[in-house]
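Chain letters run A, B, ... following the sequence lines, proteins first and then strands; every chain starts at 1.
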There are 2 protein chains.
Amino acid sequence: MSDTPKYILVENYIKKSIQSKTLIDKLPGERSLAKELGFSYMTIRKAIENLVDQGVLYKIPTKGTYVNKDGSNKKKTSTIGYFLDSSIKSGISSPYYSLLLNAIEKEAAKHDYSVVYFSDTSVGRLKKTLSKLDGVIATCFPRIEDTILDIKQNVPIVVIENSAADKTIASVIIDNFNANVESVDYITSLGHQNIGFMMGLDDSDIGKSRFAGYKHGLQKNKIELNDELVFRGNYSYEAGIEGAEYFLSLQNAPSGIICANDSMALGAMQKFHQEGYDVPTDISIIGFDDIDVASQIVPKLTTIAAPVDQIAKNAFDILKDLINGEEPEQQHVTLAANLVIRDSCNKLKSDVAA
Amino acid sequence: MSDTPKYILVENYIKKSIQSKTLIDKLPGERSLAKELGFSYMTIRKAIENLVDQGVLYKIPTKGTYVNKDGSNKKKTSTIGYFLDSSIKSGISSPYYSLLLNAIEKEAAKHDYSVVYFSDTSVGRLKKTLSKLDGVIATCFPRIEDTILDIKQNVPIVVIENSAADKTIASVIIDNFNANVESVDYITSLGHQNIGFMMGLDDSDIGKSRFAGYKHGLQKNKIELNDELVFRGNYSYEAGIEGAEYFLSLQNAPSGIICANDSMALGAMQKFHQEGYDVPTDISIIGFDDIDVASQIVPKLTTIAAPVDQIAKNAFDILKDLINGEEPEQQHVTLAANLVIRDSCNKLKSDVAA
DNA sequence: TAATCGATATGCTATATAGCAAAAAATATT
DNA sequence: AATATTTTTTGCTATATAGCATATCGATTA
């Protein structure tokens, strides 16, 4: 005698019958099934009740019990979540994160997964949401690592943007450091020496490594770091405006500015224009992310293109492995991000004159 | 004798006891409860089993049954969904819809609701997602009314952007018609007579009424409609570029253009700039939506500001009533949307000269 | 004092039975 | 042939009982 309850056996039997198409549409009545299978009526009922809860069957009172053909059995319905910390400035409406979500949706759709987005960190509510998800892709920031650990308790997770302190958590990030080195290389190649950096919050890998890339780029190009040329923002458009004000207030304003993201670059460009400076004639600007608007504004923004499609693909592939209980080929992926040169940088004026 | 099953009565009794704090932590044993309440053991069991399924209680075998304090009862954990048809151009990463989602999130957060976004129209998967939601706010387009009806089968829904053909579905929309009349009024007040319209798809209320507003505005200002000055786009940035090309190709190009949304306005501005025309000196442009970038670009875009916060508030209020089984004050709300004047329109050149 | 044993309480599974209401099918009646 | 009536089938609720496994507590024993 097995120790699995009989109603489970009955459940499995019914499921199998559905898969093998022995059972197509309507089940025999509960009483006849009981007789047929040799279990009691109530046992059969319990099994069927569970299957109804699971969505495998549905009932019409006084008519009978039927197989639910709505996908739920033909192909395991899979849904993954995209989690973005709600404390992110303007949340999902921030252009970069909505871009990421869109990329993940597209990638997931290819594999017949659907995606829901959620941002709630309240553990109680989280559980409710998670219970219906097969896996989660989360944008990771240090302040929400606890939440991420919570999620990991419930479903497989892979983290993007920043890697987690806990290295057992799979991650897909981009090479922020070398990306910004490339930016510095490029802008110095145009003759700029006085190069400002508009950094974001340095509470994350992203913040730190983009800044580190800037510093290393200067060093590589034999330019000394000048603390005055570093402005600390918070990635927002408004911060970009403030940053521009700050740089303009300097005795020795930079001729080129590298921004830690596009939104700040946009803010800076707006402010410069307002103050009568032309981008790129007077000031060159480089962004980071390559959000949609970057190429839609005048001048088109030269920026580091975050490979969102690649990020989505890699993250999804890993997640899929985790969901299927397989070992992913790589737990930690770092993708290259390269500069796309558009119209927001010019040769240094004096160089042009020369 | 009431016709509600006894196990439901027991469920309610237990729930009430929890709310009134008569029941705090541990339940009496199933057998004692049965004796106490005068129902049979199995009836009590069924009630408790259901409450466990609902997350109200949890059990530890051989120890007892306990009240689940994890938020789930202290304040009914509520999650609403935001549904956006996945066929929308660039989906949730389209600036306007991500703005809407963000507004809904903020409004919901005020009332301690959390929001998930989903876009899947596959009915099977939909069910799975919906089963965990208390209500849904959906952007409505004619092509997805079937899906919306499906959703309505499962949870309360209120629809935004367009109202549904089925008038039993609550809706919150904006007054697209009068908004565009205002645009025409404004642009004619600057002297423009040759006014182009870049319309979106006319398969929806939005498309139709924005166009109708344009036509009525012309009529109101005694300008005859010229079919040549109407370009049909699909709301995308790329369509804006095409539209600009089209208008430039005309014998008698318009001096001002009203666009059915901001993205097309952006595309047009880009193209005009590329072709050496200055906005607003040579051509005036008005958008619709007031997405974030509208005020972040140069020149800042004059546009109709969709009152997203109001839309979110109204939709949420109605939805909350529906969720609570109350009659909402209004089933159908239309909000005013007004022009915000920025820098993308100038007086007509000839007028300036005069 | 410490270990052992046993009674007890707990939730879990399984079975049998009995009646209800609604729909469908079969039968009888007009 | 059409209608009315009865019977059957269906799922649903409710109850009673009986044994299982595990944990806990208390008394007993070494």
Side-chain angles (χ1 to χ4, degrees), chain A residues 1-18 22-70 72-73, chain B residues 1-18 22-70 72-73 127 153:
Chain A
M1 244 247 255
S2 73
D3 53 349
T4 50
K6 298 192 183 173
Y7 68 92
I8 301 266
L9 298 179
V10 176
E11 278 180 44
N12 291 337
Y13 170 78
I14 294 178
K15 278 188 190 166
K16 226 174 267 174
S17 303
I18 294 174
T22 321
L23 231 183
I24 310 216
D25 185 35
K26 191 182 173 194
L27 269 74
E30 294 172 341
R31 281 168 250 252
S32 6
L33 246 185
K35 214 169 254 176
E36 189 183 319
L37 301 183
F39 296 108
S40 116
Y41 174 65
M42 290 310 285
T43 305
I44 294 317
R45 272 209 106 242
K46 171 137 194 170
I48 290 180
E49 195 176 34
N50 284 346
L51 290 173
V52 168
D53 276 355
Q54 293 168 35
V56 178
L57 304 176
Y58 66 97
K59 312 180 114 175
I60 303 178
T62 109
K63 293 207 65 176
T65 306
Y66 302 83
V67 176
N68 189 349
K69 283 152 192 156
D70 249 359
S72 36
N73 46 54
Chain B
M1 246 246 250
S2 72
D3 54 348
T4 50
K6 298 191 181 173
Y7 69 92
I8 301 267
L9 297 179
V10 176
E11 278 180 46
N12 290 336
Y13 170 78
I14 294 179
K15 279 188 189 167
K16 226 174 268 175
S17 302
I18 294 174
T22 320
L23 230 184
I24 309 216
D25 185 36
K26 191 183 172 192
L27 267 75
E30 293 172 341
R31 281 169 249 254
S32 5
L33 246 185
K35 215 169 255 176
E36 190 184 316
L37 300 183
F39 295 109
S40 118
Y41 174 66
M42 290 309 287
T43 305
I44 295 312
R45 273 209 106 243
K46 169 135 195 173
I48 290 181
E49 195 176 36
N50 284 346
L51 291 173
V52 168
D53 276 354
Q54 292 169 36
V56 177
L57 304 176
Y58 66 97
K59 311 180 117 175
I60 304 178
T62 108
K63 295 208 65 177
T65 306
Y66 302 84
V67 176
N68 189 351
K69 282 155 191 151
D70 242 3
S72 37
N73 47 56
K127 287 242 175 66
Q153 296 288 314

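- The shortest distance between side-chain heavy atoms of L37(A) and L9(A) does not fall below 4.5 Å.
- Out of dG11(C), dG11(D), dT15(D), the shortest distance to the side chain of T65(B) is found at dG11(C).
- When the side chain to side chain contact (heavy atoms under 4.5 Å, CB included) test is applied to S32(A), the partners found at least two apart in sequence or on another chain are P28(A).
- Every residue was checked against the salt bridge (Lys or Arg N to Asp or Glu O under 4.0 Å) condition with K15(A), not counting sequence neighbours, and none meets it.
- For the pair K46(B) and dC12(D), the criterion of a side-chain N or O lying under 4.0 Å from OP1 or OP2 is not met.
- Rounded to whole Å, atom C1' of dT10(C) lies 15 Å from atom CG of L57(B).
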Show me the donor-acceptor pairs within less than 3.5 Å that the side chains of residues 58-65 of chain A make with the rest of the protein, sequence neighbours left out.
from, atom 1, to, atom 2, distance (Å)
K59(A), NZ, E30(A), OE2, 2.9

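- For E49(A), the salt bridge (Lys or Arg N to Asp or Glu O under 4.0 Å) partners two or more places apart in sequence, or in a different chain, are K46(B).
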Between protein and nucleotides 17-27 of chain D, what N or O pairs are separated by less than 3.5 Å?
from, atom 1, to, atom 2, distance (Å)
dA23(D), O4', T62(B), OG1, 2.8

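- A straight line from CD of E49(A) to C1' of dA14(D) spans 14 Å, rounded to a whole angstrom.
- Between the side chain of N68(A) and the backbone N or O of V56(A), no donor-acceptor pair lies under 3.5 Å.
- Under the rule for a side chain to side chain contact (heavy atoms under 4.5 Å, CB included), the partners of D53(B) that lie at least two apart in sequence or sit in another chain are D53(A).
- Taking atom CD of residue E11(A) and atom P of nucleotide dA14(C), one finds them 11 Å apart after rounding to whole Å.
- The stretch residues 25-44 of chain B participates, sequence neighbours left out, in no ring-ring contact (aromatic ring centres under 6.0 Å, His included) pair at all.
- Between I60(B) atom CD1 and dC12(C) atom P the separation is 11 Å, expressed in whole Å.
- Closest to the E30(B) side chain, of the nucleotides dA14(D), dG11(C), dT15(C), is dG11(C).
- Taking atom CD1 of I44(B) as the reference point, atom C1' of dG11(C) lies 14 Å away to the nearest angstrom.
- Taking 4.0 angstrom as the limit, T43(A) places a side-chain polar atom (N or O) nearer than this to OP1 or OP2 of dT15(C).
- Contact annotation: Y7(B) side-chain N/O to dA14(D) OP1/OP2 distance is not under 4.0 Å.
- Computed from coordinates, the Y66(B) OH to dA9(C) C1' distance equals 11 Å when rounded to whole Å.
- Close to dT10(D), at under 4.0 Å from its OP1 or OP2, lies no side-chain N or O of K26(A).
- The CD1-P distance, from I48(B) to dA14(D), rounds to 15 Å in whole Å.
- Recorded end-axis angle for the helix from dT1(C)-dA30(D) to dT30(C)-dA1(D) stands at 20°, based on five pairs per end and rounded to 10 degrees.
- Atom NZ of K59(B) is separated from atom P of dA9(C) by 18 Å (rounded to the nearest Å).
- Every residue two or more places apart in sequence or in another chain was checked for a side chain to side chain donor-acceptor pair (under 3.5 Å) with N12(A), and none qualifies.
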